[in-house]
Amino acid sequence: MAKENLKTLELENRLLRDQIQGIQSRFEEKIAELSLVREIGQALVHIRSFKKACQYILDVIINNSLAQNCSIMLFDHEKSQLFLICATDSDKKGYVLEPEKVFSKDGVRYLFKLGEGAAGQAVLKNRAVLIQDAKESESFLYGTDNQVPIGSLISIPLMIEGERFGVINLSHRKKNVFEKNDIHLFSVLANFVAITVYSTIQYEKLRDSEQKYRVLSESSNDGIAIIQAGMHVYANPKYKEVAGYSSRELTNIGFEALLDSSINDKDLRTVRVLLDGGATGRPLEVRLCGNNGVKTDVEISFAPIQHNGKKAVILSVRDLSDRKAMEKQIINAQKMEAIGKLAGGVAHDLNNILAGIVSYPELLLMDIPEDSPLKRPLLTIKKSGEKAATVVQDLLDLARRGVAVNEVVNFSNIIVEYLMSPEYEKMICYHPGVIVETDFDTNLLNIQGSPVHLSKTVMNLVSNAAEATPSGGRIVISTENRHLDGSKIKNEAARSGDYVVLSVSDTGIGISPEDIERIFEPFYTKKVMGRSGTGLGMPVVWGTVKDHRGFIDIQSTEGKGSTFTLYFPATRKKPSRDERHISMEDYLGNGETVLIVDDVKEQRELTREILEKLGYDVNSASSGEDAVEYIKEHPTDLLLMDMIMDPGIDGLETYRRILEFRPGQKAIIVTGFSETGRAKEALNLGAGSYLRKPFSLDKIGLMIRAELER
């Protein structure tokens with residue numbers, strides 16, 4: 001009996017030990033499972049890099065579970081396919097997709113469609129799929145280029161907020177390795193894997209987005225700043241440039257402190273409302289007063305944002321300096337164009353009137369003796385007409401239509417000729433306390449242009465300088481060669497290359513900033529009326545420089561003086577030298593026939609008298625239509641045509657019709673206007689030259705001889 005009791009007791013002890021061992025084994029398995037989950041959880045807490053997180057998950061699973069291989073796939077909702085993001089191969093080496101490819105899907109490896117293979121079924125049905133024998137299973141399907149041997153497999157779906165996110169696959173080369181109990185462990189594990197992969201992807205997206213926006217902000221041509229509680233918490237380089245402060249300095253400066261004191265109350269209230277971050281508003285134009293008192297006109301856009309969990313405002317600040325300067329240039333150009341159109345029309349009529357005042361005295365002087373008492377009055381009338389014609393020419397220059405001559409000239413020579421002129425002597429008489437000095441470059445390059453206009457430019461600059469030194473002072477006129485490099489040019493009209501530079505400096509009263517802005521406006525002047533104060537001098541300078549493809553720089557300090565620096569493109573060409581004396585015999589006619597075509601009767605009669613005096617056989621027509629009919633019946637050696645005739649066809653159309661039946665007909669264009677596009681077209685058709693009214697006897701005589709002999 002005792003022996004039987006002993007056997008029973010031993011059996012019970014053995015069963016108890018087996019139970020304890022089973023419990024211990026399951027406890028150790030749970031400890032291992034918890035350890036595995038804890039290890040995966042570490043990735044969620046400590047790792048932000050997508051690649052590092054994926055590699056860490058692969059290592060933990062392979063080193064702490066029965067699985068020999070592991071892979072994670074994500075679900076592409078657009079294509080309804082799974083693509084591989086990481087996996088281990090047969091040598092347990094890891095492969096992890098670059099995060100940018102996860103975003104772009106560029107070059108990813110798509111393996112299964114939704115519902116295809118164990119992975120596709122797991123995602124479709126949202127439950128784990130266990131395959132004990134891959135060879136015998138209908139659910140098993142190798143992915144493309146998959147070379148990992150698989151005997152048994154578990155595919156567990158990855159879900160984020162109830163949405164399909166992907167799948168994790170664990171495999172072993174032997175069959176029947178995994179049990180149904182493993183599904184629970186790996187399902188818990190899959191939750192951690194899904195959260196870890198999803199969070200690192202979102203982190204990578206955030207970092208990528210932040211980097212893009214930072215690059216965009218740092219390289220923006222607009223200033224960008226974040227204002228919180230009225231203070232600066234961020235500023236990009238452009239904003240710091242406009243404000244004139246560093247990032248550290250701006251953190252101690254409120255935005256409102258940068259506003260110029262000239263801001264009106266309405267705009268100030270608007271700024272304060274927008275800075276509260278409660279609304280967005282239309283772009284607001286204000287003036288910022290930055291470091292060292294530098295004031296900048298800007299346009300600001302406001303938008304409310306959250307910064308570090310608190311309400312803030314992001315500002316976009318656009319520097320309006322260039323736009324304001326461009327607007328001024330456009331307004332000035334429009335103003336010049338409007339005045340130019342008016343000037344051109346007035347000049348045409350005035351030149352027709354002045355033709356008689358200039359030319360008739362010249363004809364009369366040829367017929368009276370040298371000692372006639374009429375000679376002096378006639379010379380006075382002639383000179384007065386020429387001066388009036390000069391004023392008209394200034395109007396044409398204002399219209400920027402007056403530069404028709406393009407000679408190779410040396411600027412130093414033009415200055416010397418001016419300093420020897422009566423105009424200079426007259427200016428010195430008005431300003432006896434002014435001392436004029438010169439400083440010429442002895443190797444000065446030449447420029448191409450109009451000597452008359454360049455001489456007027458010098459005259460106007462020197463006259464302005466003299467007016468600016470009412471109590472006496474120094475004026476320095478200098479010339480030099482200067483090469484400009486494109487990287488160092490600040491003027492928008494400048495181009496790289498060699499320039500001839502003219503500088504006119506004075507020690508006078510200087511020019512205020514307000515006057516500098518208006519100095520090139522027509523009829524704006526502070527000169528003494530009755531001397532040279534027409535208000536056309538500086539606009540003519542501006543037009544001449546522009547016509548010669550140059551630009552102007554002005555430096556002035558009130559109370560100390562001003563310097564006007566003019567840049568003209570240089571040329572390597574040499575000036576022509578034709579300085580022979582011209583007498584009347586050089587341009588007398590030999591009975592050649594000339595037809596004058598002009599709609600103004602007085603002009604036809606005056607021109608006829610001049611040409612008959614020079615020995616030509618002259619006829620006239622009052623319109624282009626009459627001229628065409630006359631030429632059909634009377635071949636003529638030369639046409640002398642007014643360009644603008646009203647009513648009827650103009651000089652260009654007249655010449656075009658005559659060429660149809662008289663090809664090669666010689667002609668000269670005559671007008672009270674400056675050279676226009678239609679005049680140039682007539683020259684292209686074959687007209688020999690262009691003559692502007694009023695003209696002198698020798699000028700028209702030489703031009704006719706040149707055309708007849710051409």
Side-chain angles (χ1 to χ4, degrees), residues 244 260 262 287 289-297 321 324-325 328-329 332 411-412 415 418-419 423-424 426-441 456-482 484 488-494 499-521 523-529 531-542 544-545 550-568:
D260 186 56
S262 63
R287 177 173 289 179
C289 186
N291 198 6
N292 299 323
V294 177
K295 297 182 179 182
T296 307
D297 291 314
S321 302
K324 294 282 187 182
K328 288 181 180 179
Q329 291 180 14
N332 190 51
F411 223 132
S412 295
I415 298 170
Y418 164 69
L419 295 177
E423 290 83 4
Y424 175 75
K426 181 180 178 181
M427 187 274 294
I428 290 297
C429 289
Y430 281 126
H431 305 281
V434 172
I435 299 174
V436 178
E437 300 176 359
T438 59
D439 182 14
F440 297 153
D441 189 328
K456 283 185 180 180
T457 296
V458 175
M459 179 186 71
N460 285 317
L461 291 175
V462 174
S463 175
N464 270 17
E467 291 282 352
T469 54
S471 301
R474 292 171 60 248
I475 298 175
V476 179
I477 309 171
S478 64
T479 59
E480 64 172 312
N481 299 319
R482 191 175 298 177
L484 294 185
K488 300 178 181 178
I489 298 175
K490 296 182 179 179
N491 191 293
E492 70 281 353
Y499 285 81
V500 171
V501 181
L502 165 69
S503 295
V504 178
S505 302
D506 64 70
T507 57
I509 59 176
I511 308 172
S512 68
E514 293 78 14
D515 286 337
I516 285 181
E517 291 186 358
R518 301 188 60 191
I519 197 169
F520 295 120
E521 290 184 11
F523 309 116
Y524 179 76
T525 181
K526 291 191 174 182
K527 290 185 178 182
V528 179
M529 294 302 294
R531 294 187 185 176
S532 56
T534 65
L536 293 178
M538 292 312 294
V540 167
V541 170
W542 180 84
T544 298
V545 173
F551 60 95
I552 305 174
D553 179 62
I554 305 173
Q555 300 293 328
S556 185
T557 303
E558 291 187 82
K560 294 185 178 181
S562 307
T563 298
F564 286 76
T565 307
L566 280 56
Y567 293 78
F568 297 90

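Just the heavy atoms: all of them, side chains too, but no hydrogens, waters or symmetry mates, feed the values below.
- Side chain of T507 to main chain of R474: a donor-acceptor pair is present (N/O by atom type, distance under 3.5 Å, no hydrogens or angles).
- We find the NZ-OG distance between K456 and S463 to be 13.5 Å, quoted to the nearest 0.5 Å.
- You'll find the side chain of I509 stays beyond 4.5 Å of the side chain of S562, heavy atoms only.
- At distances below 3.5 Å, at least one donor-acceptor pair connects side-chain atoms of S556 with backbone N or O atoms of I511.
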Can Y499 and F568 be said to form a side chain to side chain contact (heavy atoms under 4.5 Å, CB included), step by step? CA-CA 5 Å; Y499 285 81; F568 297 90; 5.6 Å; no
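- Under the 4.5 Å side-chain criterion, counting only non-hydrogen atoms from C-beta, N481 is not in contact with V501.
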Set out, in order, the CA-CA distance, both residues' side-chain angles and the distance that settles side chain to side chain contact (heavy atoms under 4.5 Å, CB included) for I477 and V436, then state yes or no. CA-CA 7 Å; I477 309 171; V436 178; 3.8 Å; yes
Please lay out, stage by stage, how D297 and S321 fare under the test side chain to side chain contact (heavy atoms under 4.5 Å, CB included). CA-CA 6 Å; D297 291 314; S321 302; 5.7 Å; no
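- The CD1 atom of I552 sits 7.5 Å away from the CG atom of L461 when rounded to the nearest 0.5 Å.
- Contact between Y567 and D553 at its shortest, heavy atoms only, is CE1-CB, 4.4 Å.
- The heavy-atom pair separating A466 from M427 by the smallest distance is CB-SD, 3.5 Å.
- In this structure, I435 CD1 and I475 CD1 are separated by 10.0 Å, a value rounded to the nearest 0.5 Å.
- One finds the CG atom of L502 at 4.5 Å from the CZ atom of F411 (value rounded to the nearest 0.5 Å).
- Looking at I415 and T479, their side chains come closer than 4.5 Å, going by heavy atoms from C-beta outward.
- At distances below 3.5 Å, at least one donor-acceptor pair connects side-chain atoms of N291 with backbone N or O atoms of G244.
- Taken to the nearest 0.5 Å, the CG atom of L419 stands 7.0 Å off from the OG1 atom of T438.
- Looking at every heavy atom in both residues, V545 comes nearest to F551 through CG1-N, 3.3 Å.
- Rounded to the nearest 0.5 Å, atoms CZ (F564) and CD1 (I554) are 4.5 Å apart.
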Any chance you could lay out the side chain to side chain contact (heavy atoms under 4.5 Å, CB included) test for D506 and V434, step after step, and finish with the verdict? CA-CA 10 Å; D506 64 70; V434 172; over 6 Å; no
